[in-house]
Participant: 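Take this structure first; my questions come after.
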Amino acid sequence: MNERVAIILAAGMSSRMNTKLPKVLHEVCGRPMLAYVLDACRGAGVKKAYVVVGYNKEAVIEAFAHDKDIVWVEQKEQKGTGHAVLCCKEHLANFDGETLVLCGDGPLIRTETLSTLTGKHESEKASATIATAILDDPTGYGRIVRDAYGNMQGIVEHGDCTEKQRDIKEVNPSYYCFNNKVLFDALANIKPNNVKNEYYLTDALHLIISNGLKVVAVTAVAAEDAISVNSRAQLSETSKVMQKRILNKLMAGGVTIVAPDNTWIDARAKIGQDTVIEPFVYIHGEVEIGSNCRVGPFAFVRNGTTIGSDVVLGVFTEIKNAQLGDGVRARHHSYIGDAVVGENVNIGAGSITANFDGKDVHETRIGKDSYIGSGSILIAPIELTAGSHIKAGSVVGRENQ
Ligand code: UD1
Ligand code: CA
């Protein structure tokens, strides 16, 4: 296998999103779009990703501060995708391997597709290979133009298409694999001769072909993966596809999802075998739920929560940043926030932890085998020893002492 790096384009300011946040930080099922693209690259053997940032770059760099395999490259002025790739030249001028070029706004990208792309690139000994998709409605995408023998001739942007080219349904989802040297040689010669007056990366392919080098287009991208997020409507479409993938993966792992169309589970959530997720459950953030639990209907499980096995969280229960031991029961209308709850604790209907004093949040600790009667308020910080019995309707804690 050749050494492989990726260039990920993420400098655009995305006027069509009508946002102040950099586009690639918009979340899909709880994670920023860019995170999915990076993961797909890592899965495909990429050791280093050169991420091109521009608009509000500080925010993007901060959000990925923990990812040590990223090299940040600044594109000061957004002059097009070709120009964005050229900004990486000083880092890659002497690199003699394969360079993937991908867009940060295509979070539905999969490792398997990238592997098909690089596999084809290598088996065909191509100078450049792209993966394409066939769309019923290709509006907005660059069209793949092939000759009578099916050989790729180039990519024409939607705005530059002739009437006839607009009918082409094979599009460019921006999955490219280049021989690095060939890429930068071609980019040195692209011109902004198009309706947008931009330096198009897509023009590099045409130049490579005219230099007599081999460019291969492999139809390998599923139509639903090809969505490039340029608007809020496309963002929601993307989230819907991603959510379906997340739920399918959980179900394959032995989790029952009673109503997949009415359940929302974060990409980061982990759920154990034989747990049942009832309708209208929302699980957000880094959450771990053990096996044989029953969650919902209408439960909200929030970031930082770890739940043991055989736990029941019933209707209108909200859990935030809490650890719940095995066998905990909170069947009706509870809020448990910033808490550590021991095994087999029963939280009665309508009982809550009052974790916020108007300024700070405080912790509640409930020892194992405790019983919290209905309608109780536990004012944090508070610690109840194991086996505590709190009568229904109690107000327990500092303010009450
Ligand atoms: C691009 C492709 C098009 C393809 C489509 C789908 C080109 C010229 N067109 O069009 O063929 O069908 O993607 O994926 O490449 N960016 C920069 N700097 C720039 C301009 C863009 O970093 O100067 C980044 C954007 O942030 C974005 C990505 O490049 O992440 C693609 O740019 P965008 O403007 O969305 O291109 P499309 O019009 O979607
Ligand atoms: Ca796009």
Side-chain angles (χ1 to χ4, degrees), residues 6-17 19 21-26 28 32-38 49-57 59-60 72-88 100-109 113 128 130-135 137-145 152 154-161 165-166 168-176 178 183 186-187 190-207 217 221 223 225-235 237-238:
I7 294 175
I8 301 176
L9 307 184
M13 97 158 238
S14 187
S15 38
R16 287 169 281 180
M17 289 283 284
T19 178
L21 192 69
K23 176 158 76 171
V24 293
L25 290 190
H26 280 264
V28 171
M33 273 190 244
L34 179 60
Y36 294 96
V37 183
L38 286 163
Y50 296 82
V51 181
V52 184
V53 284
Y55 174 73
N56 203 349
K57 68 177 191 330
V60 186
W72 300 102
V73 178
E74 187 179 5
Q75 184 193 26
K76 288 207 171 71
E77 238 185 293
Q78 278 72 65
K79 296 187 197 166
T81 49
H83 178 259
V85 174
L86 257 182
C87 292
C88 300
L100 295 176
V101 181
L102 305 163
C103 289
D105 64 352
L108 292 168
I109 189 166
T113 318
I130 64 163
T132 68
I134 311 278
L135 300 187
D137 178 11
T139 309
Y141 292 84
R143 306 295 205 280
I144 310 299
V145 180
M152 167 152 159
I155 300 175
V156 184
E157 288 308 296
H158 181 89
D160 299 303
C161 276
Q165 286 169 332
R166 288 230 164 140
I168 299 174
K169 294 206 179 321
E170 187 177 14
V171 303
N172 169 34
S174 296
Y175 293 27
Y176 312 84
F178 289 97
L183 169 65
L187 286 176
I190 56 171
K191 304 265 174 336
N193 295 333
N194 49 62
V195 289
K196 285 199 188 163
N197 222 351
E198 286 185 355
Y199 292 88
Y200 285 167
L201 171 61
T202 43
D203 286 347
L205 293 163
H206 186 73
L207 283 179
V221 183
D225 295 10
I227 307 173
S228 141
V229 179
N230 297 324
S231 65
R232 306 264 180 173
Q234 284 167 328
L235 179 68
E237 236 178 284
T238 303

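Just so you know, ligand 1 is whichever comes first in the structure, and atom 1 is the first atom listed for that ligand. Just so we're clear, the structure is a prediction, and the values are computed from it rather than from any experiment.
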Participant: Taking N or O atoms only and a 3.5 Å limit, does T202 qualify as a polar contact for ligand 1?
Facilitator: no
Participant: Any idea which protein heavy atom is nearest atom 22 (O) of ligand 1, and the distance to it?
Facilitator: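 Checking every protein heavy atom, the shortest distance to atom 22 (O) of ligand 1 gives A11 N, 2.9 Å.
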Participant: Check this for me: H206, atom NE2, are more than 12 non-hydrogen atoms of other residues, nucleotides or ligands nearer than 6.0 Å?
Facilitator: no
Participant: Could you check atom 15 (O) of ligand 1 against the protein and tell me its nearest heavy-atom contact, residue, atom and distance included?
Facilitator: T81 OG1, 2.7 Å
Participant: Using a strict cut-off of 4.0 Å, indicate which atoms of ligand 1 neighbour a heavy atom of Y200.
Facilitator: 8 (C)
Participant: Could you say whether the N/O atoms of L9 and ligand 1 ever approach to under 3.5 Å?
Facilitator: yes
Participant: So for N230, does at least one of its heavy atoms come nearer than 4.0 angstrom to any atom of ligand 1?
Facilitator: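 True for this residue.
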Participant: If you measure from atom 6 (C) of ligand 1 to every heavy atom of V51, N172, D203, which option wins on shortest distance?
Facilitator: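 Answer by nearest heavy atom: N172.
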Participant: I want to confirm something. Looking only at heavy atoms, which of E157, R143, E77, H158 is nearest to atom 2 (C) of ligand 1?
Facilitator: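 Minimum heavy-atom distance to atom 2 (C) of ligand 1 goes to E157.
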Participant: Using a strict cut-off of 4.0 Å, indicate which atoms of ligand 1 neighbour a heavy atom of S228.
Facilitator: 6 (C), 14 (O), 39 (O)
Participant: Heavy-atom contact check, 4.0 Å cutoff: does R16 meet ligand 1?
Facilitator: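 R16 counts as a contact of ligand 1 under the 4.0 Å cut-off.
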Participant: Kindly give the heavy-atom pair with the smallest separation between T238 and Q234, and that separation in Å.
Facilitator: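 Where T238 meets Q234 most closely, the heavy atoms are OG1-O, 2.7 Å.
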Participant: Which residue and atom name correspond to the protein heavy atom nearest atom 25 (C) of ligand 1, and how close is it?
Facilitator: G12 N, 3.8 Å
Participant: State the atoms of ligand 1, each with its element, that fall below the 4.0 Å cut-off from a heavy-atom position in G142.
Facilitator: 3 (C), 4 (C), 11 (O), 12 (O)
Participant: Out of curiosity, N193 CG to E198 CD, how far, rounded to the nearest 0.5 Å?
Facilitator: 13.0 Å
Participant: Can a donor-acceptor pair be found, under 3.5 Å and without considering hydrogens, that links the side chain of R232 to the backbone of M17?
Facilitator: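 Pair found, side chain donor or acceptor close to backbone of M17.
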Participant: Output yes when the distance from some N or O of ligand 1 to some N or O of L201 is under 3.5 Å, and no in every other case.
Facilitator: no
Participant: Looking only at distance, does G80 have an N or O less than 3.5 Å from an N or O of ligand 1?
Facilitator: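 There is such a contact, yes.
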Participant: Does some non-hydrogen atom of K79 fall short of 4.0 Å from ligand 1?
Facilitator: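 Yes, that is the case, since the closest heavy atom of the residue is under 4.0 Å from the ligand.
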Participant: At less than 4.0 angstrom from any non-hydrogen atom of K23, what atoms of ligand 1 do you find?
Facilitator: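 Counting from 1, the qualifying ligand atoms are 35 (O).
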Participant: Does the D105 side chain pair with the main chain of V24, one donor and one acceptor, at a distance under 3.5 Å?
Facilitator: no
Participant: Run the ring pair (Phe, Tyr, Trp, His ring centres under 6.0 Å) test against Y176 and tell me which residues pass, sequence neighbours left out.
Facilitator: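 F178.
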Participant: For atom 27 (C) of ligand 1, what is the nearest protein heavy atom, given as residue, atom name and distance?
Facilitator: D105 OD2, 3.8 Å
Participant: Give the numbers and elements of all ligand 1 atoms closer than 4.0 Å to a heavy atom of P173.
Facilitator: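 Counting from 1, the qualifying ligand atoms are 14 (O).
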Participant: Hey, is atom 36 (O) of ligand 1 under 4.0 Å from any protein heavy atom?
Facilitator: no
Participant: May I ask which of S174, A204, G159 has a heavy atom nearer to atom 13 (O) of ligand 1 than the others do?
Facilitator: S174
Participant: If you measure every N/O of Q75 against every N/O of ligand 1, is any gap under 3.5 Å?
Facilitator: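 Right, the criterion is met.
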Participant: Pairing donors with acceptors under 3.5 angstrom, does anything connect the side chains of N230 and K23?
Facilitator: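 On atom types as modelled, these side chains qualify, holding a pair under 3.5 Å.
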Participant: Check the side chains of H83 and Q75 for a donor-acceptor pair under 3.5 angstrom, ignoring hydrogens and angles.
Facilitator: yes
Participant: side-chain contact (heavy atoms from CB on, under 4.5 Å) for I109 and T113? Distances and angles first, verdict last.
Facilitator: CA-CA 7 Å; I109 189 166; T113 318; 5.7 Å; no
Participant: Looking at every non-hydrogen atom in both residues, tell me the closest pair between A226 and P173 and how far apart they are.
Facilitator: CB-CB, 4.1 Å
Participant: Show the nearest heavy-atom pair for residues V195 and D160, with the distance to one decimal.
Facilitator: N-OD1, 3.1 Å
Participant: Non-hydrogen atoms of A10 versus ligand 1: any pair closer than 4.0 Å?
Facilitator: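 Yes; A10 lies near enough to ligand 1 that a heavy-atom distance drops under 4.0 Å.
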Participant: Can you list the atoms of ligand 1 that are under 4.0 Å from a heavy atom of Y141?
Facilitator: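 Atoms satisfying the 4.0 Å criterion: 6 (C), 12 (O).
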Participant: By number and element, which atoms of ligand 1 are closer than 4.0 Å to a non-hydrogen atom of A84?
Facilitator: 17 (C), 18 (N), 22 (O)
Participant: Ignoring water, what protein N, O or S atoms are under 3.0 Å from the Ca ion (ligand 2)?
Facilitator: D105 OD2, S228 OG, N230 OD1
Participant: Starting from atom 28 (C) of ligand 1, find the nearest protein heavy-atom neighbour and note its residue, name and distance.
Facilitator: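 Closest protein heavy atom to atom 28 (C) of ligand 1: C103 SG, 3.5 Å.
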Participant: Would you check, one step at a time, whether the test side-chain contact (heavy atoms from CB on, under 4.5 Å) holds for I8 with L100?
Facilitator: CA-CA 8 Å; I8 301 176; L100 295 176; over 6 Å; no
